[in-house]
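Heads up: numbering here begins at 1 and tracks the sequence. Please read these numbers as outputs of a predicted model, since none were measured by experiment.
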Amino acid sequence: MTLTSPHLGSSTGWTDARLLYALEEVVEKELNRHLKVTKDWMPHEYVPWSDARNFPGFFEDGEAWDPAQSKVTEIGKIALVVNLLTEDNLPSYHHEIASLFGRDGAWGTWVHRWTAEEGRHGIVMRDYLLASRAVDPDKLEQFRMAHMSEGFESDNRHSMLHSVAYVAFQELATRISHRNTGHQSGDPVCDRMLSRIATDENLHMVFYRNLLGAAFEIAPDLTMQAVRDVVVNFRMPGHGMPGFERAAAQMAIGEIYNMRIHHDDVLQPVLRFLKVLQIEGLGPEGLQAQEELGLYMNGLDSEASKFDEKLAARKARMAARAAG
């Protein structure tokens with residue numbers, strides 16, 4: 001590694017600039033690994049173009065959208081719109097990570113490559129939704145304009161380490177959300193498309209997770225504090241979109257993304273892989289952050305269990321009504 005700290009457990013001496021320099025070789029290694037394992041794919045090959053027809057407007061033969069035209073389940077529609085609007089703010093995400101990580105060297109190459117790969121996701125999802133008439137196209141565009149006009153600013157834009165920690169979890173969260181949406185969409189074409197997107201998101205998670213692991217090696221106290229802050233205050237990037245709270249509640253009940261999934265399938269895998277709660281040799285600040293992180297995870301698990309019980313009771317009531 002290019003640079004090491006004379007006091008690994010100390011929070012002093014590290015700046016974003018020094019950390020960027022220290023992690024440059026790791027970024028180059030992870031970038032090269034990523035380019036070897038990733039596979040280019042064509043968004044247009046995943047879209048059911050034969051289902052498409054003109055919308056009214058400039059075309060005399062245009063057919064107005066109707067909810068009955070969609071093959072997608074109601075929960076699938078809700079999640080698809082949330083997932084697409086999240087992808088739509090890519091310009092803001094690019095601006096943020098380019099400002100934090102820079103546009104030169106291995107960092108810059110990764111920033112641009114990541115942006116290019118993420119761009120495919122918005123392209124293929126919108127084309128699918130329009131060709132398959134899964135959602136109201138006018139409302140979708142109105143939501144896009146409202147969401148993008150607000151822009152996006154991450155809670156972690158103040159710190160490079162916080163940003164790396166955040167995306168390590170957020171990329172996995174996005175993968176899980178896409179994967180579960182596909183499974184519950186009711187359309188095999190949609191499921192196949194979202195499975196392909198989820199593969200990209202998983203590779204992005206691996207890049208950031210490994211980078212976070214390297215940060216623990218050179219600045220364990222600061223990295224532990226960053227992980228603690230990110231986990232405790234985690235919010236999905238789509239939280240500012242119109243109607244997000246209601247959509248998120250519906251997605252939770254629909255088992256696309258909820259507290260149990262967040263704990264078991266997003267936070268735990270990253271923490272377990274990096275052995276975050278088992279790291280030794282921390283200074284006072286790092287040790288306190290580690291303890292607080294452990295307490296938070298225990299509390300989240302308890303809250304998730306309460307949610308599980310409520311969800312199971314809800315399912316039982318619905319089954320009883322259906323049987324009666």
Side-chain angles (χ1 to χ4, degrees), residues 1-5 14-46 83 86-125 148 151-175 178 196-219 222-223 226-227 230 237 269-270 273-274:
M1 207 167 289
T2 308
L3 190 68
T4 56
S5 168
W14 285 115
T15 62
D16 275 5
R18 291 191 73 210
L19 284 165
L20 286 166
Y21 181 62
L23 291 168
E24 178 89 22
E25 288 181 12
V26 180
V27 171
E28 183 175 4
K29 174 188 172 185
E30 290 301 317
L31 173 62
N32 290 334
R33 181 198 54 75
H34 176 82
L35 294 175
K36 286 180 181 177
V37 298
T38 192
K39 295 180 181 178
D40 278 340
W41 55 281
M42 302 299 141
H44 57 268
E45 294 179 358
Y46 287 80
N83 291 352
T86 300
E87 299 285 357
D88 274 334
N89 254 336
L90 182 60
S92 288
Y93 308 148
H94 173 83
H95 172 76
E96 189 158 294
I97 66 170
S99 299
L100 278 165
F101 300 157
R103 301 179 64 178
D104 300 317
W107 281 104
T109 302
W110 168 253
V111 166
H112 295 308
R113 174 72 193 195
W114 174 88
T115 303
E117 291 183 5
E118 287 286 338
R120 288 184 178 133
H121 304 168
I123 290 169
V124 71
M125 290 176 69
M148 289 193 69
F152 173 81
E153 286 190 338
S154 168
D155 299 328
N156 304 289
R157 62 189 180 278
H158 63 287
S159 158
M160 188 277 285
L161 268 184
H162 281 71
S163 295
V164 170
Y166 176 73
V167 289
F169 295 106
Q170 183 265 321
E171 292 282 5
L172 183 52
T174 306
R175 175 210 167 197
H178 283 313
R196 188 61 193 78
I197 292 174
T199 298
D200 277 2
E201 303 289 9
N202 195 61
L203 290 174
H204 296 163
M205 178 277 293
V206 170
F207 177 94
Y208 288 119
R209 183 197 64 193
N210 292 352
L211 188 58
L212 186 61
F216 267 116
E217 292 181 13
I218 64 172
L222 280 178
T223 306
V227 169
V230 164
V270 175
F273 183 88
L274 297 177

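Side chain of Asn32 to main chain of Glu28: a donor-acceptor pair is present (N/O by atom type, distance under 3.5 Å, no hydrogens or angles).
Side chains of Ile218 and Leu19 form a contact here, defined as non-hydrogen atoms less than 4.5 Å apart. Looking at Thr86 and Thr174, their side chains never come closer than 4.5 Å, going by heavy atoms from C-beta outward. Looking at Tyr93 and Glu118, their side chains never come closer than 4.5 Å, going by heavy atoms from C-beta outward.
Closest approach of Leu172 and Met205 over heavy atoms only: CB-CG, 3.7 Å. Across all non-hydrogen atoms, the minimal contact from Ala165 to Val227 is CB-CG2, 4.1 Å. Counting all heavy atoms, side chain and backbone alike, Ala215 lies closest to Leu23 at N-CD2, 4.0 Å. In terms of heavy-atom proximity, Pro43 sits nearest to Val124 at O-CG2, 3.3 Å. Between Ala168 and Val270 the shortest heavy-atom distance is O-CG2, 4.0 Å. Between Leu274 and Gly213, the closest heavy-atom pair is CD2-CA, 3.7 Å.
Note that CZ of Phe216 and CG of Leu222 are 10.5 Å apart. Values are rounded to the nearest 0.5 Å. Within the model, atoms CE of Met125 and CG of Asp88 stand 8.5 Å from one another, a figure rounded to the nearest 0.5 Å. Note that the CG atom of Asn156 and the CG atom of Leu161 stand 11.0 Å from one another [nearest 0.5 Å]. Rounded to the nearest 0.5 angstrom, Thr223 OG1 and His162 NE2 are separated by 10.0 Å. In this structure, CG in Leu90 is found 11.5 Å from CD in Glu117, a value given to the nearest 0.5 Å. Note that OG1 of Thr115 is 9.5 Å distant from CH2 of Trp110, once rounded to the nearest 0.5 Å.
Scored by the side-chain contact (heavy atoms from CB on, under 4.5 Å) test, Leu20 finds Phe101, Trp107, Met160 as partners (sequence neighbours excluded). Residues passing the salt bridge (charged side-chain N to carboxylate O under 4.0 Å, His left out) test with Asp155, sequence neighbours excluded: Arg235. With sequence neighbours excluded, the residues forming a salt bridge (charged side-chain N to carboxylate O under 4.0 Å, His left out) with Glu30 are Arg33, listed by chain and number. The side-chain contact (heavy atoms from CB on, under 4.5 Å) test applied to Ala173 returns Phe234, Met236, Tyr257, Val266, not counting sequence neighbours.
Taking the ring axis of Phe273 as reference, the NZ or CZ atom of Arg209 stays within 45° of it and closer than 6.0 Å to the ring centre.
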Which atom pairs, donor and acceptor, lie under 3.5 Å between side-chain atoms of residues 35-42 and protein residues at least two apart or in another chain?
unit_1 : atom_1 : unit_2 : atom_2 : d
Asp40  : OD1    : Arg113 : NH2    : 3.3
Asp40  : OD1    : Arg120 : NH2    : 2.9
Trp41  : NE1    : Asp200 : OD2    : 3.1

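Aromatic ring orientation, His121 versus His178: perpendicular (interplanar angle above 60°, classes split at 30° and 60°). Taking the six-membered ring where the residue is Trp, Trp114 and His204 present tilted rings, their angle falling between 30° and 60°.
Residue His34 places its NE2 atom among more than 12 non-hydrogen atoms of other residues, nucleotides or ligands, all under 6.0 Å distant.
Listed by first and then second residue, the salt bridge (Lys or Arg N to Asp or Glu O under 4.0 Å) pairs involving residues 89-111 amount to none (not counting sequence neighbours).
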